[in-house]
Amino acid sequence: MFLPLFWKVVNFYFTKMNNSKYIENLFNKKYFICFMIIYLISGIVLSTQVGISHDEMHEEQNWTYNKDLVRNFFNNNKTDPHYVDKYYGIGFQIISQPFQYFIKKVIPYFVEVDTYGAKLISKHPMVFVFYFVSGLFFLKILHKVTNNASYSFLGTTIYLIYPYLLGHSFFNPKDIPFLSIWLICTFLSCSIFEFYIKNNKLLLVHTFSLAFLTAFLLSIRISGILIFIQYFISLIIFFNQTKLSLKKFLNIFFVKLLFFVFCFFFIILLFYPVFWSNPLDIINATKFFGKFYHDVCTLTLGKCVKAQNIDSLYIPIWFLFKLPTIVLIGILLIPISEKKIFKNYNNNIYFGTILSSAFLIPLILIFNKVPMYDEVRQVLFLTPLLFLLGLISLYYLSKKISFILVFTFLIFFTYENFKIFPYQYTWFNLPARFLDIGKNFETEYWGISGKELSKKIISENKNNNKNICILVTPDDLVRPFLSIHNFNCFYPWGVIDSNLKRPFWAVQNIRNLKKSIPYKCKIIYQEKIKLTFYKKDLVAGNLLECN
């Protein structure tokens with residue numbers, strides 16, 4: 001009985017898929033708006049159900065440090081000049097913190113967490129909103145190049161539910177806002193050149209908007225300085241399209257360029273209190289992150305790649321196994337599709353800029369041996385650009401096939417998101433699933449499994465012993481979920497082989513997962529991730545009992 005029903009479903013699916021018009025009708029403006037509303041509300045709610053990552057406490061410390069900087073600047077007091085993370089920007093938090101003030105009061109009604117944990121989790125909805133906004137600009141760029149509304153709606157939908165980025169959007173307070181603003185800057189800069197070619201003029205509001213958003217990008221991560229490489233690429237394409245000489249360009253735009261530079265530096269200083277005492281310190285900040293010291297290695301295709309000795313294949317390998325197969329195929333076929341794509345100045349500016357910057361920026365980082373770790377965190381902003389390249393290339397190769405493929409992956413992504421929530425960021429594409437992922441790659445390096453492991457500690461504590469010690473690094477991964485239940489003894493993982501009084505519990509997660517089980521400890525619970533079409537379970541974290 002099951003087999004005939006199954007074949008009817010398969011037959012119906014492929015019959016409809018052979019008619020791309022059917023898919024186009026599914027993705028009209030009305031249905032897309034309904035999807036976006038449901039997506040926004042659902043994403044905001046789901047983001048509050050995700051655990052706390054190891055970076056979030058640092059973000060909160062940076063915010064506190066910068067508040068002290070501002071207060072002390074006006075009171076002529078000094079702030080610790082040796083604070084390790086002083087060059088980390090707070091641009092995103094300038095927007096998120098006012099909303100967090102209200103959101104944090106609601107969080108305890110939905111999550112068992114202390115006041116500090118509620119403050120950290122209250123940032124999650126704002127991170128997701130930034131990702132949602134990036135989808136709107138992804139849509140604009142895709143439509144600019146394909147000039148097909150239905151395909152743009154469909155392509156944006158698959159981008160928004162792409163598990164890898166969606167997982168990051170639930171909690172990643174640094175990389176997702178940076179990615180989103182980079183994509184907005186990409187659209188705005190290209191549209192400015194497009195506007196000038198069409199209208200032979202440049203409005204002051206365009207100049208200010210680009211200066212503001214570029215400065216805001218750098219206030220999130222100082223590495224946003226790389227956006228000027230992309231702007232330069234757009235400028236070269238613009239020169240090629242208009243046949244303008246550099247001299248004539250400067251005559252026309254000199255005043256607006258000065259206005260851009262003034263606004264850009266003014267806003268950078270406004271958003272970066274650490275530069276108020278010495279504006280030239282921005283040079284030191286750029287150098288600091290260019291040679292950022294982090295003594296950690298990232299398991300990459302079975303090799304432990306040190307952040308300070310980055311492998312030239314590090315970025316390509318991670319994108320090869322993190323980008324969807326459909327995107328990889330589209331990118332590989334660009335040499336065939338490019339003649340159809342580069343058919344007008346509009347496509348030349350948008351697609352040409354994205355194509356050149358998506359490949360040139362990684363090369364610059366590789367040749368300069370810029371430290372990298374935790375997958376492609378430092379170049380996560382390139383993922384939407386690569387996504388666009390793949391989808392656009394497929395569309396120009398075959399409209400019909402592109403609709404069928406994108407819609408098929410949309411169904412797959414939707415299913416997988418439900419299956420692996422809240423660990424979507426651990427997602428690997430189908431080719432990676434032919435390998436032993438656990439042995440070849442870094443997986444749950446954020447530590448958000450701490451929330452589920454905390455629940456298990458509470459349920460396993462049958463004797464209601466609140467004085468038992470818990471070993472975990474960093475403790476903010478579990479402490480906010482346990483302190484509300486009066487657990488108060490926490491130690492770092494590093495003391496597990498010391499003479500610490502037993503029994504105690506230990507949370508084995510992040511990179512400690514690669515280590516063997518310590519002496520006289522046993523696993524009493526494993527938090528697992530089950531990927532589709534992959535036989536093994538990925539371990540997100542272990543709860544150990546040590547007697």
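Worth saying up front: this structure is predicted, and the values here are computed from it rather than measured. Along the sequence shown, residues carry numbers from 1.
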| message | Using a strict threshold of under 4.0 Å (side-chain N to carboxylate O), is an ion pair present between Glu375 and Lys322? | response |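 Between Glu375 and Lys322 there is a salt bridge, with a charged N closer than 4.0 Å to a carboxylate O.
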#### Entry: Carboxylate-amine/guanidinium contact Lys174 Asp55, below 4.0 Å
no
In terms of heavy-atom contacts, Pro177 and Asn172 come closest through CD-O, 3.5 Å
Closest heavy-atom pair, Leu355 versus Phe359, reported as atoms and distance to 0.1 Å, is O-CD1, 3.1 Å
Just to verify, what does [X] make a ring pair (Phe, Tyr, Trp, His ring centres under 6.0 Å) with, not counting sequence neighbours?
| X | result |
| --- | --- |
| Phe342 | Phe351 |
| Phe110 | none |
| His54 | Trp446 |
| Phe321 | Phe441 |

Main chain of [Y], side chain of [X]: is a donor-acceptor contact present, judged purely on distance under 3.5 Å?
| X | Y | value |
| --- | --- | --- |
| Asn28 | Lys30 | yes |
| Asn440 | Asp436 | yes |
| Asn346 | Glu194 | no |
| Ser393 | Gly330 | yes |
| Thr353 | Tyr350 | no |
| Arg511 | Glu442 | no |

How long is the span from the [atom1] atom in [X] to the [atom2] atom in [Y], to the nearest 0.5 Å?
| X | Y | atom1 | atom2 | result |
| --- | --- | --- | --- | --- |
| Leu405 | Phe409 | CG | CZ | 7.0 Å |
| Ser134 | Ile176 | OG | CD1 | 7.0 Å |
| Leu179 | Leu217 | CG | CG | 10.0 Å |
| Met57 | Leu477 | CE | CG | 7.0 Å |
| Asn347 | Lys340 | CG | NZ | 13.5 Å |
| Ile161 | Glu416 | CD1 | CD | 11.0 Å |

| query | With respect to Leu389, which candidate in Ile341, Ile354, Leu394 satisfies the side-chain contact (heavy atoms from CB on, under 4.5 Å) definition? | reply |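 Result: among Ile341, Ile354, Leu394, Ile354 is the only option passing the side-chain contact (heavy atoms from CB on, under 4.5 Å) with Leu389.
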Can you tell me if Ser449 and Glu444 form a side-chain donor-acceptor pair at under 3.5 Å?
yes
Any side-chain heavy atom of [X] sitting closer than 4.5 Å to one from [Y]?
| X | Y | value |
| --- | --- | --- |
| Asn429 | Leu328 | yes |
| Gln241 | Ile237 | yes |
| Phe138 | Leu160 | no |
| Val113 | Lys451 | no |
| Ile95 | Phe216 | yes |
| Phe132 | Ser180 | no |

Examine [X] together with [Y] and report whether their ring centres are nearer than 6.0 Å.
| X | Y | answer |
| --- | --- | --- |
| Phe428 | Tyr534 | no |
| His168 | Tyr164 | yes |
| Tyr445 | Tyr425 | yes |

Checklist entry - What residues form a salt bridge (Lys or Arg N to Asp or Glu O under 4.0 Å) with Lys104, not counting sequence neighbours? => result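 With neighbours one apart ignored, the set is empty.
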Practice problem: Any side-chain hydrogen bond (donor to acceptor under 3.5 Å, both in side chains) involving residues 33-53? Give me the pairs, sequence neighbours left out, ordered by first then second residue. | Solution: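 Listed by first then second residue: Ser53-Glu56.
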